[in-house]
Amino acid sequence: MRIEQLQAFLAVTQTGNFGQAAQKCGVTQSTISRQIQSLESYLGMPLFHRTAHAKLTLAGEQLLPRARKICQEWQSATQELADLIAGKQPELCVAAIQSVCAHYLPPILRQFCQAYPQVQLRVTALGSDRSLKVLRDGLVDVAIVMNNRFLTTSSEMVVEVLYEEPIEVLMASDHPLVNYQPVPWSELIKYPQAVFKSGYGMQRLVQQQFSRLGANLRAVMELNTLEAFQGVVRQGELIALLPKSALINVQQDSTLAVRSLEKLPESVASSNKLVGNVSALDSKWTRQVVLVTTRDRLDIPPIQHFCKLVRQLDMPTVQAWNLQLPALAQA
């Protein structure tokens, strides 16, 4: 059974005549006749009395209200899909890591709302792994996160690298590690750390790095906001390994200090290059931030435009961070 057969059935019911039904549907009378015959054959009973005026049989009377509902639902569904392709979707949902929400998304959000004022934009700050999972489950349209190849291997996923940034050490201004610049790994591993909660890519990245170093990660506290990291580290004992974009505002805080890390040992650097966690030029430990969506979503104009705006944003390279940091700190 096809929807055209039900539409032909309704047209004959409304006009009471096969010829007028054909005109209503924009097809020939023979086409209408074949569609009705096929529908009757499928159902196993006649739907019309073949008289001068096409009158419904008992079976036709039973089918009529159902056919109307089916055709109405089909019309609504096709209209909604047409609206979607035309960019008339009601909302666009984005999940992004906190540093992206704080420093890179605001101008993009403003430009998008100007281009699509009728689309409700919903932005949620989530950990990288959680963001990718809700994208995979269809709860958001776009994720801007730390790369995790284990969660983006599906052929339907589209992953675009936006930028890489170094991982640095956040500490209190009177912490013993402030005497090092850069901080040696042999000294770093001696101190307890505050780390991101499970579901945040940074926790996984830190754990993997310590594992590759053959060192014990002394994670004594799990947090999920940049403000919480600053408040805890300010107390003096704990340190935190964070991406540089998360430390921009710290430069103005005299109670906190930020130090870079020394280059990775060659054996660890080689291992990290395989998973995209180290800058190939100077063996610095980095994280890679990517834009992720699905192929079908890129056909939807608002999503396509949002991704275009993200791509056009001037993201920092690893080598440019030292030059761009003062400007970002003043923004």
Side-chain angles (χ1 to χ4, degrees), residues 97-100 102-103 146 163-197 200-266 268-269 272 277-279 281-289 316-331:
I97 51 180
Q98 292 184 40
S99 55
V100 168
H103 300 296
M146 197 180 85
Y163 64 93
E164 290 188 25
E165 59 180 331
I167 308 300
E168 296 192 326
V169 191
L170 176 66
M171 64 192 77
S173 58
D174 58 354
H175 194 279
L177 289 180
V178 297
N179 298 314
Y180 298 95
Q181 183 64 289
V183 176
W185 286 96
S186 58
E187 292 297 319
L188 176 82
I189 62 178
K190 297 177 181 178
Y191 295 94
Q193 292 192 34
V195 299
F196 273 100
K197 289 183 177 180
Y200 286 78
M202 273 304 301
Q203 187 201 82
R204 172 174 45 80
L205 192 64
V206 171
Q207 289 174 336
Q208 290 174 347
Q209 191 69 353
F210 270 67
S211 177
R212 292 189 181 99
L213 288 165
N216 178 42
L217 173 62
R218 296 172 59 192
V220 300
M221 188 177 299
E222 291 187 354
L223 306 170
N224 66 349
T225 68
L226 301 179
E227 292 78 7
F229 276 102
Q230 294 178 22
V232 167
V233 168
R234 191 177 284 115
Q235 303 307 307
E237 181 184 12
L238 300 184
I239 61 172
L241 291 168
L242 298 172
K244 196 156 192 172
S245 62
L247 300 171
I248 291 172
N249 296 331
V250 175
Q251 308 300 317
Q252 312 302 320
D253 190 332
S254 61
T255 66
L256 296 170
V258 176
R259 294 291 183 268
S260 61
L261 285 161
E262 70 174 2
K263 293 181 181 180
L264 292 164
E266 185 57 34
V268 176
N272 278 9
N277 292 332
V278 65
S279 169
L281 293 181
D282 57 9
S283 296
K284 284 287 188 179
W285 186 29
T286 65
R287 76 165 180 178
Q288 190 178 76
V289 176
T317 63
V318 174
Q319 291 73 31
W321 265 105
N322 289 335
L323 296 176
Q324 293 199 17
L325 185 58
L328 286 169
Q330 295 172 8

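If you read the sequence from its start, that first residue is 1, and numbering goes on from there.
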- Rounded to the nearest 0.5 Å, how far apart are CD of Glu164 and CE of Met146? 11.5 Å
- Locate the shortest heavy-atom distance separating Ala172 from Val178; write the atom from each residue and the value. O-CG1, 3.5 Å
- Query: Within the distance-only criterion (no hydrogens, no angle test), does the side chain of Glu165 pair as donor or acceptor with the backbone N or O of Arg287 below 3.5 angstrom?
  - Reply: no
- Message: So that I can tick it off, tell me whether Lys244 and Glu168 are bridged by a salt bridge, with the cut-off set at under 4.0 angstrom between side-chain N and carboxylate O.
- Response: yes
- Task: Supply the atom-to-atom distance Gln193 CD to Leu241 CG, rounded to the nearest 0.5 angstrom.
- Result: 4.5 Å
- Note on the structure: The reported gap from CD in Gln208 to CG in Leu217 (rounded to nearest 0.5 angstrom) is 12.0 Å
- Query: Could you go step by step and tell me if Leu205 and Ile167 meet the side chain to side chain contact (heavy atoms under 4.5 Å, CB included) rule?
  - Reply: CA-CA 10 Å; Leu205 192 64; Ile167 308 300; 4.3 Å; yes
- What one should report as the nearest heavy-atom pair of Phe196 and Glu222 is O-CG, 4.3 Å
- Gap separating the CZ atom of Arg259 from the CG atom of Leu247, nearest 0.5 angstrom: 12.0 Å
- Message: Check the orientation of Trp185 and Phe210. Use parallel for under 30°, tilted for 30 to 60°, and perpendicular for over 60°.
- Response: perpendicular
- Taking the side chain as every heavy atom from C-beta outward, state whether Asp253 and Arg234 have any atom pair closer than 4.5 Å. yes
- Message: Quick check against the 3.5 Å criterion: does Gln98 have a side-chain atom that pairs as donor or acceptor with the backbone of Asn224?
- Response: yes
- Note on the structure: Tightest non-hydrogen contact, residues Glu187 and Tyr180, listed as CD-OH, 3.5 Å
- Query: What are the two closest heavy atoms between Pro176 and Tyr191, and how far apart are they?
  - Reply: CB-OH, 3.4 Å
- Message: Once rounded to the nearest 0.5 Å, what's the spacing between atom NE2 of His103 and atom OG of Ser245?
- Response: 6.0 Å
- Message: Would you say CD of Glu237 has more than 12 non-hydrogen atoms from neighbouring residues, nucleotides or ligands within 6.0 angstrom?
- Response: no
- Message: Minimum heavy-atom separation for Val258 and Val250, please, with both atom names.
- Response: CG2-CG1, 3.7 Å
- Query: Is it true that a side-chain atom of His175 and a backbone atom of Ile239 form a donor plus acceptor pair closer than 3.5 Å?
  - Reply: no
- Message: One pair to check against side chain to side chain contact (heavy atoms under 4.5 Å, CB included): Tyr200 and Leu223. What are the steps and the verdict?
- Response: CA-CA 10 Å; Tyr200 286 78; Leu223 306 170; over 6 Å; no
- Note on the structure: Nearest heavy-atom contact between Ser99 and Ala246 is CB-N, 4.2 Å
- Task: Nearest 0.5 Å please: distance from the OH atom of Tyr163 over to the OG1 atom of Thr286.
- Result: 11.5 Å
- Message: Just so I know, are the side chains of Leu261 and Pro182 near enough to count as touching, which here means a heavy-atom distance under 4.5 Å?
- Response: no
- Message: Treating Arg218 as the side-chain partner and Lys190 as the backbone partner, does any N or O pair qualify as donor plus acceptor under 3.5 Å?
- Response: yes
